[in-house]
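A short worksheet on the structure shown next.
Index from 1, following the sequence.
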Amino acid sequence: MLKQFALGFGMDLLGAIVILAVGWWLAGRASALVRHSLKNAKFVDATLKPLAASIVRYAILVFVLVAVLSNFGVETTSIIAVLGAAGLAIGLALQGTLSNIAAGVMILILRPLKIDEFVEAGSISGTVVEITLFTTLLKTPDGVFISAPNSQIWNSAIKNYSRNPTRRLDIKVGIAYDDDVDAALDFLKNLVASDPRVLKDPEPMSFVATLGESSVDLTARGWVATSEFWPTFFDLTRKSKTELEAAGFSIPFPQRDLHIIESSETASTATKTAAKPAAKAPAKKPATRSRSTAAKSTTKTTAAKKAPESKS
């Protein structure tokens with residue numbers, strides 16, 4: 001009986017291993033097949049392709065797990081009950097992970113971002129590479145890889161810089177206060193309008209943005225195609241500096257002029273202070289005379305007073 005039991009359990013174990021190995025291989029092949037089939041499909045959005053491959057793979061793995069358990073004689077109803085309890089426990093333990101799945105589903109339904117679009121969500125910005133079941137993969141302009149949770153992307157305000165076909169271009173430059181403002185505005189407007197990448201509608205415009213501490217800040221505005229935004233911005237920024245100076249305008253560096261104004265009271269006080277002579281050194285006190293000298297002077301004074309009285 002022990003030999004028969006070991007033989008039967010060994011066959012079940014071998015069958016389970018075979019089912020698991022074949023199911024794992026089949027899940028990987030099915031996922032790759034779905035990804036390859038949808039790679040050139042134009043009717044399917046590029047954002048849905050990796051997610052569809054992941055869903056197919058995990059679905060096959062769930063069926064493989066059920067088949068392995070049933071191979072050991074476990075009833076299907078009990079399997080469903082166990083999976084339900086396990087799903088509830090896992091759901092309570094992995095609330096953050098499930099929120100990433102829900103956020104990924106919402107991103108795929110509402111599509112605030114797609115593959116190859118440059119977006120900014122909170123403190124994260126970059127070109128979208130792939131949207132998986134749990135994370136969103138991005139690539140920054142300097143080549144850094146970012147893997148952000150879907151919930152973090154979904155719970156932030158998403159700025160999509162690639163969605164609209166056109167973008168507004170602002171060229172800002174400052175001129176000196178002595179320059180002709182109207183002539184500089186016309187020059188900047190013509191400079192922006194002369195670029196063939198700038199759209200004619202809406203028409204380019206220029207205006208005084210602010211009056212700075214050391215310059216009059218001008219802004220020239222135009223609209224360009226989104227794909228031409230950065231090349232046009234770099235070229236016009238360079239030309240606004242070189243061609244403005246060539247036309248006789250000056251672009252001042254930050255500086256500050258100080259003008260000291262004296263009031264009448266301050267000026268008169270300063271004049272009196274300058275005309276007043278220097279203070280003399282205190283005079284030395286005379287030396288104290290002796291008591292005998294003082295007595296003699298007192299006697300002489302008394303005798304002088306009595307002399308006139310005797311003549312009369």
Side-chain angles (χ1 to χ4, degrees), residues 46-47 111-129 136-146 148 153 156-261:
T47 309
R111 297 184 181 182
L113 51 91
K114 297 180 181 179
I115 304 297
D116 295 332
E117 289 184 340
F118 188 87
V119 298
E120 178 182 344
S123 60
I124 301 173
S125 61
T127 303
V128 180
V129 177
T136 299
L137 309 181
L138 303 99
K139 181 180 180 182
T140 61
D142 55 348
V144 178
F145 171 80
I146 297 178
I153 300 293
S156 302
I158 300 175
K159 292 183 180 180
N160 194 325
Y161 293 92
S162 305
R163 179 62 57 88
N164 294 331
T166 58
R167 285 186 61 182
R168 192 185 72 188
L169 179 71
D170 288 349
I171 303 298
K172 300 179 180 181
V173 62
I175 61 173
Y177 274 89
D178 297 335
D179 292 338
D180 189 347
V181 176
D182 294 332
L185 289 174
D186 293 338
F187 185 87
L188 278 178
K189 180 180 178 181
N190 296 330
L191 176 65
V192 173
S194 63
D195 195 297
R197 294 167 293 187
V198 178
L199 302 178
K200 304 302 180 184
D201 187 20
E203 184 181 359
M205 60 179 298
S206 60
F207 55 91
V208 177
T210 56
L211 299 177
E213 294 184 355
S214 58
S215 64
V216 180
D217 299 328
L218 310 180
T219 299
R221 176 171 294 174
W223 289 81
V224 297
T226 302
S227 59
E228 297 290 340
F229 178 82
W230 288 114
T232 309
F233 176 78
F234 294 145
D235 291 343
L236 289 179
T237 301
R238 176 181 56 84
K239 289 181 179 179
S240 65
K241 198 269 182 187
T242 57
E243 297 193 12
L244 270 176
E245 290 182 339
F249 299 97
S250 58
I251 301 177
F253 54 85
Q255 56 186 334
R256 179 174 295 176
D257 296 335
L258 297 179
H259 301 275
I260 301 175
I261 302 175

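Ring geometry for W230 against F233 counts as perpendicular: the plane angle is over 60°, on a 0 to 90° scale with 30° as the lower cut.
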### Task
List the steps and the verdict of side chain to side chain contact (heavy atoms under 4.5 Å, CB included) for V173 and F249.
CA-CA 11 Å; V173 62; F249 299 97; over 6 Å; no
### Message
Between L244 and F187, does the side chain to side chain contact (heavy atoms under 4.5 Å, CB included) criterion hold? Intermediate values first, please.
### Response
CA-CA 8 Å; L244 270 176; F187 185 87; 3.5 Å; yes
### Query
Could you walk me through whether S240 and L188 pass the side chain to side chain contact (heavy atoms under 4.5 Å, CB included) check?
CA-CA 7 Å; S240 65; L188 278 178; 4.2 Å; yes
### Task
Evaluate the criterion side chain to side chain contact (heavy atoms under 4.5 Å, CB included) for residue pair V129 and I115; output intermediate values, then yes/no.
CA-CA 6 Å; V129 177; I115 304 297; over 6 Å; no
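Here the CZ-OG1 distance, from R197 to T232, works out to 3.5 Å after rounding to the nearest 0.5 Å. We find the CD-OH distance between E213 and Y177 to be 9.0 Å, quoted to the nearest 0.5 Å. Between the CG atom of L185 and the CE atom of M205 there is a distance of 10.0 Å, given to the nearest 0.5 Å. Here the CG atom belonging to D195 is positioned 5.5 Å from the NZ atom belonging to K239, to the nearest 0.5 angstrom. Here CG of L113 is found 13.0 Å from CD of E120. Values are rounded to the nearest 0.5 Å. To the nearest 0.5 angstrom, I124 atom CD1 is 7.0 Å from S156 atom OG.
Not counting sequence neighbours, the partners of E203 by the salt bridge (charged side-chain N to carboxylate O under 4.0 Å, His left out) test are K189.
A donor-acceptor contact shorter than 3.5 Å links the side chain of S162 to the backbone of F118. Between the side chain of S215 and the backbone N or O of G212 there is no donor-acceptor pair closer than 3.5 Å. Proximity of a side-chain donor or acceptor of T226 to a complementary backbone N or O of P165 within less than 3.5 Å is detected. With hydrogens and angles ignored, the 3.5 Å screen pairs a side-chain donor or acceptor of N160 with a backbone N or O of P112. Remark: the backbone N or O of A121 is not paired with any side-chain donor or acceptor of S125 at under 3.5 angstrom. A donor-acceptor pair under 3.5 Å is formed between the side chain of K200 and the backbone N or O of A193.
With contacts defined as side-chain heavy-atom distances shorter than 4.5 Å, the pair V208/V181 qualifies. Counting heavy atoms from C-beta outward, T140 and D142 have side chains that approach closer than 4.5 Å. Considering only heavy atoms from C-beta on, L137 stays 4.5 Å or farther from I146 through its side chain. With contacts defined as side-chain heavy-atom distances shorter than 4.5 Å, the pair V128/K114 does not qualify. The side-chain heavy atoms of V224 and L199, taken from C-beta on, include no pair separated by under 4.5 Å. Put simply, the side chain of L169 does not reach to within 4.5 Å of the side chain of V192, judged on heavy atoms. By the 4.5 Å heavy-atom criterion applied to side chains, V119 and T127 are not counted as neighbours. Here the side chains of L218 and F207 are not in contact, with every heavy-atom distance at 4.5 Å or above.
In summary, D170 and R168 engage in a salt bridge, as defined by a charged side-chain N under 4.0 Å from a carboxylate O.
A donor-acceptor pair shorter than 3.5 Å can be found between the side chains of T210 and D217. A donor atom on one side chain and an acceptor atom on the other are not found under 3.5 Å apart for N164 and T166. D179 and S250 share a side-chain donor-acceptor pair at under 3.5 Å.
More than 12 non-hydrogen atoms from other residues, nucleotides or ligands lie less than 6.0 angstrom from CZ of F145.
Nearest heavy atoms, P252 versus S214: CG-O, 3.3 Å.
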